[in-house]
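Remarks on the structure that follows.
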Amino acid sequence: MTAKKKPKVYITRKLPDAVETRMRELFDAELNIDDAPRSVPELIAAVKAADVLVPTVTDRIDAALIEQAGPQMKLIASFSNGTDHIDVEAAARKGITVTNTPNVLTEDTADMTMALILAVPRRLGEGARVLTDKPGEWAGWSPTWMLGRRIHGKRIGIVGMGRIGTAVARRAKAFGLSIHYHNRKRVNPAVEDELEATYWESLDQMLARVDIVSVNCPSTPATFHLISARRLALLQPTAYLVNTARGDVVDEAALIKCLREGRIAGAGLDVFENEPAVNPRLIKLANEGKVVLLPHMSSATIEGRIDMGDKVIINIRTFIDGHRPPNRVLPGR
């Protein structure tokens, strides 16, 4: 009996060794050993030859690229939770299924969100730099030096109360924060009761009343610059903003202006509007202690990446076996 031919799978970035090893065992997998982002010509060549494309959030899989896919290309199994880097509608028109890796990064992202919620008011970045940038110059403890703001007893406003937003709320409640949230629809009453959460149908009204804003909604056309210049102006001057969702949900230029003018107290950002480029004005603000910047690492745990790889493999195997993959992404969703 002839062995079944392995599907040709093209992987755009380096994945954890355990994931790549399993990919090579199961598929005719082409790996990216040096982890350099693939160019557009390389991606075009890949979709012309491969049966399955495994992109990440750094790859732009737009309609022009999808249109050049060969007839054998039937699956885009994204190594990501979000799919805003893929034109899902164009893929559907071409008869290509798209999958993602949901529900594995919730706790990791919520942990990092909470870390930023602590880091910004308590000036952790500034404190760490005192010891590393000018060693030997710390004069010792002083009752009025490096004073930050207490978070216990403050109000947090969560923008987007999905899985990650809810996980952030649970952590925030444990730290003594009062939970407020805005979402397209109200969450389950049992969850609301557990968190003692206050629902705001109006985002504007919530923003004006909270001390910390946590952005946890996906990037969609509807959420582009959701936190706009007008909405930033609603925040109290003592308020902090934390974003671990997507950079384009916040109007970055308007945020920089608010921080520069002291109209809000500070910000913690793990995502940026023009990644991987980071606005030099944000870096300057970070050096001045007005913002904490992280390089899009909120989901970066070994366990999370391996879980994502496992989901990619399951989606590919299920599809190749002729069944509907468990994490199929439908157009318009």
Side-chain angles (χ1 to χ4, degrees), residues 4-15 19-20 22-24 26-32 35-105 217-224 245-249 274-276 299 305 307-333:
K4 187 176 179 181
K5 184 180 177 182
K6 292 181 178 181
K8 186 173 179 58
V9 176
Y10 186 92
I11 303 161
T12 65
R13 299 297 297 267
K14 170 132 185 63
L15 304 182
V19 176
E20 291 186 337
R22 191 62 178 143
M23 289 268 198
R24 291 283 289 171
L26 294 170
F27 316 124
D28 177 11
E30 182 171 342
L31 308 179
N32 183 345
D35 200 32
R38 295 307 192 191
S39 66
V40 172
E42 287 174 321
L43 290 174
I44 290 172
V47 299
K48 285 181 180 292
D51 302 303
V52 179
L53 178 69
V54 180
T56 70
V57 292
T58 62
D59 304 298
R60 182 170 171 75
I61 314 301
D62 57 17
L65 176 67
I66 290 168
E67 189 55 39
Q68 299 193 62
Q72 82 297 329
M73 168 65 67
K74 293 299 180 184
L75 176 64
I76 299 173
S78 189
F79 185 87
S80 66
N81 181 36
T83 55
D84 47 295
H85 58 297
I86 302 171
D87 191 326
V88 179
E89 286 75 16
R93 290 195 298 269
K94 190 78 173 177
I96 298 173
T97 297
V98 176
T99 62
N100 65 341
T101 60
N103 309 334
V104 296
L105 304 178
C217 60
S219 173
T220 69
T223 62
F224 178 78
R246 284 290 186 267
D248 63 7
V249 177
N274 299 297
E275 288 184 28
S299 64
R305 295 289 187 251
D307 288 347
M308 290 171 71
D310 288 344
K311 278 190 177 270
V312 170
I313 290 168
I314 290 169
N315 282 321
I316 296 173
R317 291 196 69 180
T318 305
F319 183 83
I320 295 299
D321 288 344
H323 304 292
R324 177 172 175 159
N327 304 124
R328 184 181 179 190
V329 179
L330 298 175
R333 294 290 293 275

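The shortest side-chain heavy-atom distance between Asn327 and Val329 does not fall under the 4.5 Å cut-off. Leu65 places a side-chain heavy atom less than 4.5 Å from the side chain of Val47. Side-chain atoms of Leu105 and Met308, non-hydrogen and from C-beta on, do get closer than 4.5 Å to each other. In this structure, the side chains of Leu43 and Thr12 come closer than 4.5 Å at one or more pairs of heavy atoms. Between Arg305 and Ser299, the closest side-chain pair of non-hydrogen atoms falls below 4.5 Å. Proximity of Asp28 to Lys5: side-chain heavy atoms (C-beta onward) are nowhere separated by under 4.5 Å.
Looking only at distances, no side-chain donor or acceptor of Arg317 sits under 3.5 Å from a matching main-chain atom of Leu26. When atom types are taken as modelled, the side chain of Gln68 and the backbone of Ala63 share no donor-acceptor pair closer than 3.5 angstrom. In this structure a side-chain-to-backbone donor-acceptor pair under 3.5 Å is missing from Asn315 to Ala77. Between the side chain of His85 and the backbone N or O of Thr56, at least one donor-acceptor pair lies under 3.5 Å. A donor-acceptor pair under 3.5 Å is formed between the side chain of Asn32 and the backbone N or O of Ala36. Remark: side-chain polar atoms of Thr101 are paired, donor with acceptor, to backbone N or O of Ser80 under 3.5 angstrom. With hydrogens and angles disregarded, no donor-acceptor distance shorter than 3.5 Å links the side chain of Arg324 to the backbone of Phe319.
Of all heavy-atom pairs spanning Val98 and Ala91, the tightest one is CG2-CB, 3.7 Å. Closest approach of Thr318 and Ile314 over heavy atoms only: OG1-O, 2.7 Å. Listed here is the closest heavy atom pair of Thr97 and Pro325: CG2-CG, 4.1 Å. In this structure, Ile96 and Ala69 approach most closely via the heavy-atom pair CD1-CB, 4.0 Å.
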Go through Cys217 and Val249 one step at a time and tell me if the side-chain contact (heavy atoms from CB on, under 4.5 Å) criterion holds.
CA-CA 8 Å; Cys217 60; Val249 177; 3.6 Å; yes

Just do the salt bridge (Lys or Arg N to Asp or Glu O under 4.0 Å) check on Asp35 and Arg13 with the steps written out, would you? CA-CA 5 Å; Asp35 200 32; Arg13 299 297 297 267; 3.1 Å; yes

Fill in: Verdict with reasoning, Leu53 to Met73, per side-chain contact (heavy atoms from CB on, under 4.5 Å)
CA-CA 8 Å; Leu53 178 69; Met73 168 65 67; 3.8 Å; yes

Check: Taking it one step at a time, do Glu20 and Lys14 satisfy salt bridge (Lys or Arg N to Asp or Glu O under 4.0 Å)?
Finding: CA-CA 8 Å; Glu20 291 186 337; Lys14 170 132 185 63; 2.9 Å; yes

Verdict with supporting geometry, Arg24 and Leu31, side-chain contact (heavy atoms from CB on, under 4.5 Å):
CA-CA 9 Å; Arg24 291 283 289 171; Leu31 308 179; 4.1 Å; yes

Output, in order, the C-alpha distance, side-chain angles, deciding distance and verdict of side-chain contact (heavy atoms from CB on, under 4.5 Å) for Tyr10 and Val54. CA-CA 6 Å; Tyr10 186 92; Val54 180; over 6 Å; no

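In this structure, CG on Leu75 lies 7.0 Å from CD1 on Ile320, to the nearest 0.5 angstrom. Annotation: the span from Ile316 atom CD1 to Ile76 atom CD1 amounts to 12.0 Å, rounded to 0.5 Å. The structure places CD1 of Ile66 at 7.5 Å from CD1 of Ile86, a figure rounded to the nearest 0.5 Å. For the atom pair Phe27 CZ and Arg22 CZ, the distance stands at 8.0 Å (nearest 0.5 Å). Taking CZ from Arg60 and CG from Asp84, the interatomic distance works out to 10.0 Å, rounded to the nearest 0.5 Å. The NZ atom of Lys94 sits 8.5 Å away from atom NZ of Lys74, with the distance rounded to the nearest 0.5 Å.
Thr83 and Asn100 form no side-chain donor-acceptor contact under 3.5 Å, judged by distance and modelled atom types alone. In this structure, a donor-acceptor pair under 3.5 Å is absent between the side chains of Thr58 and Arg38.
Heavy-atom contacts from other residues, nucleotides or ligands closer than 6.0 Å to CD of Glu67 number 12 or fewer.
Salt bridge absent: Asp248 and Arg246 never bring a charged side-chain N and a carboxylate O closer than 4.0 Å.
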